[in-house]
Amino acid sequence: MPVSRPTGSHSGHCSRSSASIPAREWSTRNRAMAHARTGASGSYRFGCRAGQPCALSRRFDLLNRRPLSSRMQTMTVVTRFAPSPTGFLHIGGARTALFNWLYARHTGGKFLLRIEDTDKERSTQEAIAAIMESLSWLELDADEEPLFQSTRAQRHAEVAREMLAAGKAYRCYCSPEELQAMRDAARAEGRPVRYDGTWRDRDPSQAPAGVSPVIRLKAPQEGETKIVDRVQGEVTVANAQLDDLILLRSDGTPTYMLAVVVDDHDMGVTHVIRGDDHMTNAFRQTQIFQAMGWDVPVFAHVPLIHGPDGAKLSKRHGAVGAEAYRDMGFLPEAMRNYLLRLGWGHGDDEIIATGQAIEWFDLDGIGRSPSRFDMAKLTALNLHYMKEADGGRLARLTAPLLAARLDRALDQSEMALLTAAMPSMKERAKTLVELAEQTEFYFHPRPVRPDEKASKVLTPEARAAIAELREELATVAEWSAEALEAVVRGYAERVGLGLGKVAQPLRAALTGRTVSPPVFDVMAVFGRDEALARLQDATVV
RNA sequence: GACCCCUUCGUCUAGCGGUUAGGACACAACCCUUUCACGGUUGAGACACGGGUUCGAUUCCCGUAGGGGUCGCCA
């Protein structure tokens, strides 16, 4: 659904800034660098739609060629996910990405990705790769190539200079030490910890020599700043609570606060959906938007996800990368369903496939209280999606896990066997890891080496019975689970034993375990020759 | 400390002035059953507290308590 936004002063400032900056040039450069980085960081591929120009170049194509009126009409939703690459994509980030993606898909808008790598100290290629990998696993595809914020420093600085020229910003010559002293004093006296505006109205001629200044926003000091948040509602803060934030550091590099606003504006972001740890940033960012005369995007601040104990997510439970859940054997669709239901609801619905989620998702359904991460529920959901999943797909996903356990790869016939084992297997495994554990016996070579419990089952009497049964089974015309079951049941009845008394030795002989899928399925999966051979093995001690 | 946000079963949530407060996960019992699971049935389990407003509050308002977030030339 298209969202109409009043354009107002938007177009004026927009064209002004694009006139002063060779837009085509920097956007192209940015794109080139983004591609270069993508290539440089190696193997991951991100699901951008091929053959489309990136958001920025297209935007500036519009600005340069189209008449203004074409931009005055309804605008489609543009969301973005903007992680800083200082670590893996944790569960909260994954949910934020999911919500942005869902909202874009729901509205027929665009989902963009921006890597906020302006902190050169902490940003790493590994983190970028890990984040991309996680998003790719979760199948949250962006509609454009990712934008690397670090490539945009010039544009950010340009905007800061513009604000300076327009009297919306000023140079501040305070040293970090002075600032720290200011904060310490304020804290000690119980005053709000804010910059006191020392240089706000001072004449530049008083500037100390040899000190390179920062550029601060000349924020309004009276009145209040209001944000209209689709989750939190209207939230107002007195401007007296907000100080003059730094836009440009003394080394000329942009701060996060500036970079976010400029990029969101230039990318045409209409909806900012993010964790509510950014709530207070929204006020300051709003002030920057307003200083530039730009439209403020719609905000939606989503409550954070906590650990099972209600405290911040720690390494023990969920502050691990999303790909850790992949490694634990969860299916991406299960993860998406779980994350969706964490903080968002649609009546009593629990099982919500992605297609359904796209249809239903809306910002109003997001709850306002923080939620706790619950592995048990994720696991339950995973079981559901495992049951639904295609056997061939599950076999492909399980194969690497099995290969690791067996210390060898599966060959083609083994893959076929694994696939054949899936129908009886997948509804009793909660994760792919369990699936691997529980199918491993299929690939152990003969003779079967029964584990302790299975050995106890294989008494001499049991072995004798297996020998008898084997003879009968060998005569079965059609080697199917049904036919085999009929034979075994008939035998059990004849000798006056419960089916369990007969089935357990069979299970032990075939699998070397006391727990497995139904033995008839196991025999069917093994095939006549292998099954009979294993039974034969069990008759000799 | 200042500012902002939050508060329904253990957990995720439904509820949007009048309900036996619903569902899901987890838990318990039973059923099914060749093991393990799945599945089925049943059960236990919540409106943080105190004031208002109202004929009537889980729902609206105000406090209190508890929890969370933010207060960097980090993002």
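Distance CG (Asp277(A)) to P (G68(B)): 14 Å, rounded to an integer number of Å. One atom, CG of Leu458(A), and another, P of U34(B), lie 20 Å apart when rounded to the nearest Å. If you measure from atom CD of Glu427(A) to atom P of U33(B), you get 16 Å, rounded to the nearest angstrom. When rounded to the nearest whole Å, the span between CG of Asp263(A) and P of A75(B) equals 12 Å. A straight line from NE2 of His384(A) to C1' of C38(B) spans 13 Å, rounded to a whole angstrom. Spacing between atom CD1 of Ile352(A) and atom P of A24(B) amounts to 14 Å, rounded to whole angstrom units. Rounding to whole angstrom units, OH of residue Tyr256(A) and C1' of A75(B) are separated by 6 Å. Atom CG in Asp374(A) sits about 15 Å away from atom P in A24(B), given to the nearest Å.
Taking every side-chain heavy atom of Lys377(A) into account, C25(B) is the closest of C38(B), C25(B), C6(B). Taking only side-chain atoms of Ser371(A), from C-beta outward, the nucleotide of A75(B), U13(B), G69(B) with the closest atom is U13(B). Distance from the side chain of Arg341(A) is smallest for C12(B) among the nucleotides C12(B), A75(B), A26(B).
Aromatic ring centres of Tyr170(A) and Trp199(A): separated by at least 6.0 Å.
Between Arg489(A) and the phosphate of U34(B), there is a side-chain N or O to OP1/OP2 separation shorter than 4.0 Å. A sub-4.0 Å separation between OP1 or OP2 of A75(B) and a side-chain N or O of Thr86(A) is absent. An OP1 or OP2 oxygen of C36(B) is reached within less than 4.0 angstrom by no side-chain nitrogen or oxygen of Arg513(A). An OP1 or OP2 oxygen of A37(B) is reached within less than 4.0 angstrom by no side-chain nitrogen or oxygen of Lys426(A).
Nearest-nucleotide positions on RNA chain B place Glu350(A) closer to the 5' end than the other of Ser250(A) and Glu350(A). RNA chain B is contacted by both Ser516(A) and Arg372(A); Arg372(A) maps to the nucleotide lying nearer its 5′ end (nearest heavy atom per residue).
Nucleotide U64(B) forms a Watson-Crick or G-U wobble pair with A48(B), both donor-acceptor distances falling under 3.5 Å. If you check A21(B) for Watson-Crick or wobble pairing at under 3.5 angstrom, you find it has no partner at all. Nucleotide G1(B) is matched to C71(B) when pairs are restricted to Watson-Crick or G-U wobble geometry with both distances under 3.5 angstrom. With a cut-off of 3.5 Å on both Watson-Crick or G-U wobble distances, the partner of C27(B) is given as G43(B).
Judged by distance alone, the side chains of Thr539(A) and Arg463(A) never bring a donor and an acceptor atom under 3.5 Å apart.
Counting all heavy atoms, side chain and backbone alike, Pro517(A) lies closest to Met425(A) at CG-SD, 3.3 Å. The heavy-atom pair separating Ala219(A) from Gln287(A) by the smallest distance is CB-OE1, 3.5 Å.
For the C1' atom pair drawn from G40(B) and C32(B), the interatomic distance equals 8 Å after rounding to whole Å. Taking atom P on both nucleotides, A57(B) is separated from G23(B) by 26 Å, rounded to a whole Å. Taking the C1' atoms as reference points, U59(B) lies 34 Å from G1(B), given to the whole Å.
Contacts of Pro83(A) with the nucleic acid, taken as non-hydrogen atoms under 4.0 Å apart, are absent. Thr118(A) comes within contact range of the sugar-phosphate backbone alone, with a heavy-atom separation under 4.0 Å but no base atom that close. The residue Gly343(A) sits close only to the backbone: its heavy atoms come under 4.0 Å of sugar-phosphate atoms, none of a base. As judged by a 4.0 angstrom heavy-atom cut-off over every strand, Val214(A) is placed among the base-contacting residues. Asp251(A) comes within 4.0 angstrom of nothing in the nucleic acid, heavy atoms only. Residue contacts shown for Phe283(A) are absent, as no nucleic acid heavy atom lies under 4.0 Å away.
Using the six-membered ring where Trp is involved, Phe526(A) and Phe441(A) have ring planes that are perpendicular, over 60° apart on the 30 and 60° scheme. Using bins of under 30°, 30° to 60° and over 60° for the plane-to-plane angle, the ring pair Tyr338(A)/Phe373(A) lands in the perpendicular bin.
The base of C36(B) sits with one of its N or O atoms less than 3.5 Å from a complementary donor or acceptor on the side chain of Arg428(A). A donor-acceptor contact under 3.5 Å links the side chain of Arg507(A) to the base of U34(B). Evaluation of atom-type donor-acceptor distances gives a pair under 3.5 Å for the side chain of Asp348(A) against the base of G22(B).
Asp243(A) pairs with exactly one of Arg284(A), Arg200(A), Arg216(A), Arg194(A) by the salt bridge (Lys or Arg N to Asp or Glu O under 4.0 Å) rule, that one being Arg284(A).
C38(B): glycosidic angle within 90° of 0, hence syn.
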